[in-house]
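Below is one structure, written out as C-alpha cells, with a few remarks after it.
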There are 2 protein chains.
Amino acid sequence: MPSPQPPAGRPTSKDVAKHAGVSQSTVSLVLAEKWRGRVSPATVEAVRDAVAALGYRPNTSARSLRLGRTHTVMLVVPVLTSPFFGAVHTGAAQVAAERDFGVVVYPTRDGVDLTPNPFSSAAIDGVLASSMAAEPLDVLRSAGPGTEDLPLVMLDSEPGRGVPTVNDDVADGMRTLAEYVVGLGHRRVARLRSAVQTWTFRARDAAFRAALGPAEVVAEATAPLTLDGGREAALTLLASPARPTVLVCDDDLQAAGAYKAARALGRRVPEDVSVTGFGDLRYARVVEPELTTVRLPAVELGARGMTALLDLLDTGDAGPDVVLTGELLVRGSTAPPASG
Amino acid sequence: MPSPQPPAGRPTSKDVAKHAGVSQSTVSLVLAEKWRGRVSPATVEAVRDAVAALGYRPNTSARSLRLGRTHTVMLVVPVLTSPFFGAVHTGAAQVAAERDFGVVVYPTRDGVDLTPNPFSSAAIDGVLASSMAAEPLDVLRSAGPGTEDLPLVMLDSEPGRGVPTVNDDVADGMRTLAEYVVGLGHRRVARLRSAVQTWTFRARDAAFRAALGPAEVVAEATAPLTLDGGREAALTLLASPARPTVLVCDDDLQAAGAYKAARALGRRVPEDVSVTGFGDLRYARVVEPELTTVRLPAVELGARGMTALLDLLDTGDAGPDVVLTGELLVRGSTAPPASG
DNA sequence: GTGCTGAGGTCATACGTATGACTCCCGCCA
DNA sequence: TGGCGGGAGTCATACGTATGACCTCAGCAC
C-alpha cells in the first residue's frame, strides 16, 4: 500500500497549521507576532507547540520573495586576510546577527571582480563597503550589474559625497601622533605612505603635515602595505642623506618591514631611529620593540557601519555620519632623537 | 491622467517577455540555456536583447523558492581575525564565486552562538566548517536549529567519522619538523601545545612524539594561540631545570610570544634556544629572527573544501577525503644546540 | 484528405509565505 | 427582535521563477 505523499522535506507553515488545527494564515500571524486582537491566547499556544513539535523553520526564500527583502547584506572589503578587515567583519557580523541579517563577504582582490556572472547568486538588500580599494560608485558596480542603486554605507571614505559614511578619525590620530613625535624632539621626519591613495590615506597625510610645527618631512616614499614593501622603501628612506630621526609609517605592517630595514643598516630602534605605525594590528605587539602606533577601533567600525546600513534599510535614514576616535599607543619604538 | 502602475521596481522576467514579444516561459527557457530544440535562434536573440535593454537580473529569492536551493553556503570558522582563517575564506570564496555560490561567514566566537534566533535569515544549502572550535555535530547544531541534516564538509577534522574531510597533512608536517630539529642535534625539547585540543592539534602532537627518535620532551605546557599566552607559557618552559635547547610550538603566534619570553630571560634565539612555529601565518616573517615553521596551505584548504562541498551538493558525493601537504620552512629561528 | 511528426512556443501551476478582505458568531443594547 | 460591534479566524491572492503538459502549424507520406 503506497503511503500517499510522505511529507519528506522540511515542514512548512501548512504542516504546522494542520498539526495545530488552524489555517496557514493563523500560523503566519502568530509567527509574525501580529496577533494582538486576532488570535486567542489558546490558539497561539497551540501553534507554538506545533512549531516546536515539528521543528519548523520558515523558508527564507519564500519569505524574501513575499517581502521583497532578503535580510542579507554584502560586506565589501579588500582581501580578508588582513587582521584589520577581519575585525571589521567581526563587528559587522555581530550587529547583523543581532538584527537577524546575514552577511556575505565580497573580497575585492585588487579590483578583480569575483562575480562577473550576471546570474550571480548574491541576493542582497544593501552594501557595506570599505573604500580601501575603491570609490563608492566602483564598489556598487563591482557588486554586479543591476546593483547600482542598492543602499550603501561606506567605511573610511570621504564624507559629504551623498553616501553615508562611518569613519575612523584618522586625522585626529595622526595629529596626536605628530604632536607626540615632535614633542619628543624630532625635527627631521621620514614618511612612509601607502601606495594606494584612498581617502583615508590622503587624510592621514594631510593631518600629519598640518601638525608638524617646527619639524619637517625630509624624506618620503610610498609602498604597499606589506612587510617587504615596507622594508624596501625604508631602506632608501633610512639611508637618506637628510638623516631622518624618525620614520612615520601609514601602517603597522609597513613599520614591521621598516624594522628589518633598520636592522640591515645597523640602526637600532628606537635608539638610532624611532618608528611609528598606524592601525594597531596584531603585528604591532609581535615586533620587538613593540610598536608605537594609533589604535583604530576596527571592530567598532564594522559594528557602527552595519548599524548605519540596517537603519538605512529600515527607516530610509542612516543617521548622521559617524566618526570614531582612535587612540595613541606609546610603546617601545619611539624615543627622543639621539643628540647630535 | 494617472499613468497605470508604473513598473517602478526591478524588471521581472515578465517584463522581459513583454519587451521581446514572447511568453515568460520562453524567457525562462532561454536564460536557463535549455532551448536546444524548443526556441528558434531568432527568438533567443530577441530575448537576450531585451534582457540587456532592461538590465534584467533574475530574482534570486524566487529562483531559490522554485528550485529549493539557495545557492548559498555557510563557512563556519573561529573568529575571522586570524590570518589563517582569512586565507581559508579567500580560497573558499573564490571557488564559490566561480560556481555561482554565495558564502556567508559564521564566526563561532568561543562557542557563542551568533544566531540563537530560530528565524535566522541564513538560508543555506550546506556548511563548510573548520573543526578548530568544535566537533562536526556541534558545528551543525551551532548553525541554528533545523540545520542538523545539512550537507557538511569539515576542514582539519578527523577523517572516517562519516563526514567528508579536507585536511592539512599536519602529521607529515610535524614529522618533517621533528626530524629536522633532531637532525640539528637537539635532544632536550620543550613543547608548547594548543590549549584547545581539537583533532588537528592532537594529530600534531602524536606525530611529533612518534618522530622524536633519540630526543625527548623534557618540558611541556599548553596555552591559547595568542601572543601573551605563548609568552607566559614559554617563560615557564624556558626556565625549566631540564634546560631544553629547542621550543616547539603549535602555532606561529605562540612562537612569537616565546620570543618575548626568551628575551625577558636573556636568552638569544637561536643561539641559546631554537624556536619553531606552525602555520606560516604572517607573523612568522615579521619577527626577528624570522621563524622556522611549517607552511599550511590555507587558501588551498578553503578552496578544496569548498570544491568538495559543492560537489557534494551537485552530485551527492564529495569525493575522497583530501589531504594537503605542508612544507617545512627553515628560517633563522633554529640552529644546532649550544655545545655543553 | 488524413494522420503523423517535430519544431516552436504558450499555459498553468507550484514553490512557501504574508496580508488585506472577508466571514462567522456571540453578546449586548435599544 | 433587530442590529451592531468586535473578537477569532479563514480565504484568496501575489511575490517571480521553472517546468511538465499542452497547443498549433507546416511539411510530408500514404
Side-chain angles (χ1 to χ4, degrees), chain A residues 5 7-47 50-51 54-71 100 118-121 123 125 146, chain B residues 5 7-47 50-51 54-71 100 118-121 123 125 146:
Chain A
Q5 309 279 64
R10 271 175 44 174
T12 74
S13 61
K14 214 173 290 181
D15 298 326
V16 174
K18 205 170 301 172
H19 191 100
V22 299
S23 77
Q24 181 265 331
S25 327
T26 304
V27 173
S28 194
L29 287 175
V30 171
L31 266 53
E33 303 284 348
K34 289 198 164 182
W35 50 281
R36 328 195 183 236
R38 315 205 7 163
V39 182
S40 74
T43 306
V44 169
E45 186 90 3
V47 169
V51 165
L54 300 183
Y56 167 73
R57 263 166 54 100
N59 178 311
T60 308
S61 303
R63 188 199 286 266
S64 297
L65 176 58
R66 181 72 234 262
L67 298 181
R69 311 180 92 231
T70 61
H71 264 227
D100 197 22
F119 296 86
S120 159
S121 57
D125 291 335
Chain B
Q5 309 279 61
R10 270 174 44 173
T12 73
S13 61
K14 215 172 291 180
D15 299 324
V16 173
K18 205 169 302 172
H19 191 101
V22 298
S23 76
Q24 181 266 330
S25 327
T26 304
V27 173
S28 196
L29 287 175
V30 170
L31 266 52
E33 302 285 346
K34 289 196 165 182
W35 51 280
R36 328 198 183 233
R38 314 208 4 164
V39 182
S40 75
T43 305
V44 169
E45 186 90 2
V47 169
V51 165
L54 300 182
Y56 167 72
R57 265 166 53 99
N59 179 310
T60 309
S61 303
R63 188 200 286 266
S64 296
L65 175 58
R66 180 74 234 262
L67 297 180
R69 309 178 95 231
T70 61
H71 263 228
D100 198 20
F119 295 87
S120 160
S121 58
D125 291 336

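Below, chain A is the first sequence line, B the second, and so on; all start at residue 1.
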So, the side chain of B:Arg69 versus the backbone of B:Asp125: is there a donor-acceptor pair under 3.5 Å, distance only?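 The answer is no, because no donor-acceptor pair under 3.5 Å joins these two groups.
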
Measure from the side chain of B:Lys34, starting at C-beta and using heavy atoms only, and say which of D:dT19, D:dT17, C:dC15 lies closest.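 Closest nucleotide to the B:Lys34 side chain: D:dT19.
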
Value in whole Å for how far the [atom2] atom of [N] lies from [atom1] of [X]:
X: A:Lys18; N: C:dG16; atom1: NZ; atom2: P; value: 12 Å
X: A:Arg57; N: C:dG16; atom1: CZ; atom2: P; value: 15 Å
X: A:Asn59; N: C:dT17; atom1: CG; atom2: C1'; value: 8 Å
X: B:Leu65; N: C:dG16; atom1: CG; atom2: P; value: 7 Å
X: A:Asp15; N: C:dC15; atom1: CG; atom2: C1'; value: 13 Å
X: A:Trp35; N: C:dG20; atom1: CH2; atom2: P; value: 19 Å

List the steps and the verdict of side chain to side chain contact (heavy atoms under 4.5 Å, CB included) for B:His71 and B:Thr60. CA-CA 9 Å; B:His71 263 228; B:Thr60 309; 5.9 Å; no

Summary of protein contacts for nucleotides 7-13 of chain C, nucleotide by nucleotide, where a base hit scores B, a sugar-phosphate-only hit scores S (4.0 Å, heavy atoms): SBBBBB-

State which residues pass side-chain hydrogen bond (donor to acceptor under 3.5 Å, both in side chains) with A:Asn59; sequence neighbours excluded, sorted by chain then number.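 Once residues adjacent in sequence are excluded, A:Asn59 has no partner under the side-chain hydrogen bond (donor to acceptor under 3.5 Å, both in side chains) criterion.
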
Only pairs at least two apart or in different chains count here, so list each salt bridge (Lys or Arg N to Asp or Glu O under 4.0 Å) that has a residue in residues 24-34 of chain A.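 Pairs touching residues 24-34 of chain A that pass the test: A:Glu33-A:Arg48.
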
In degrees rounded to 10°, what angle is found between the helical axes fit to the five outermost pairs at each end of the helix from C:dG1-D:dC30 to C:dA30-D:dT1?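 Angle reported: 80°, given to the nearest ten degrees.
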
Whether B:Lys14 contacts D:dT17 is assessed here as follows: a side-chain N or O lying under 4.0 Å from the phosphate OP1 or OP2. Is that the case?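 No.
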
Does B:Arg63 make a side-chain N or O approach to OP1 or OP2 of D:dA18 shorter than 4.0 Å?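 Yes, within the criterion.
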
Residue among B:Val16, B:Val44, B:Val39 satisfying side-chain contact (heavy atoms from CB on, under 4.5 Å) with B:Thr26: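 So the option named by the test is B:Val39.
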
What residues form a side-chain contact (heavy atoms from CB on, under 4.5 Å) with B:Ser25, not counting sequence neighbours?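 B:Ser25 satisfies side-chain contact (heavy atoms from CB on, under 4.5 Å) with B:Ser23 only.
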
Please name the pair of heavy atoms, one in B:Asp15 and one in B:Arg10, separated by the smallest distance, quoted to 0.1 Å.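 Closest approach of B:Asp15 to B:Arg10: OD2-O, 4.3 Å.
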
How is A:Ser28 classified with respect to the nucleic acid when contacts are heavy atoms under 4.0 Å: base, sugar-phosphate, or nothing?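 Answer is base: heavy atoms of A:Ser28 come under 4.0 Å of a base.
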
Chi angles and distances behind the side chain to side chain contact (heavy atoms under 4.5 Å, CB included) call for A:Tyr56, A:Leu31: CA-CA 11 Å; A:Tyr56 167 73; A:Leu31 266 53; 3.3 Å; yes

Could you give the distance from OG1 (A:Thr12) to CZ (A:Arg57), rounded to the nearest 0.5 Å?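 Atom-to-atom, A:Thr12:OG1 and A:Arg57:CZ are 14.5 Å apart.
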
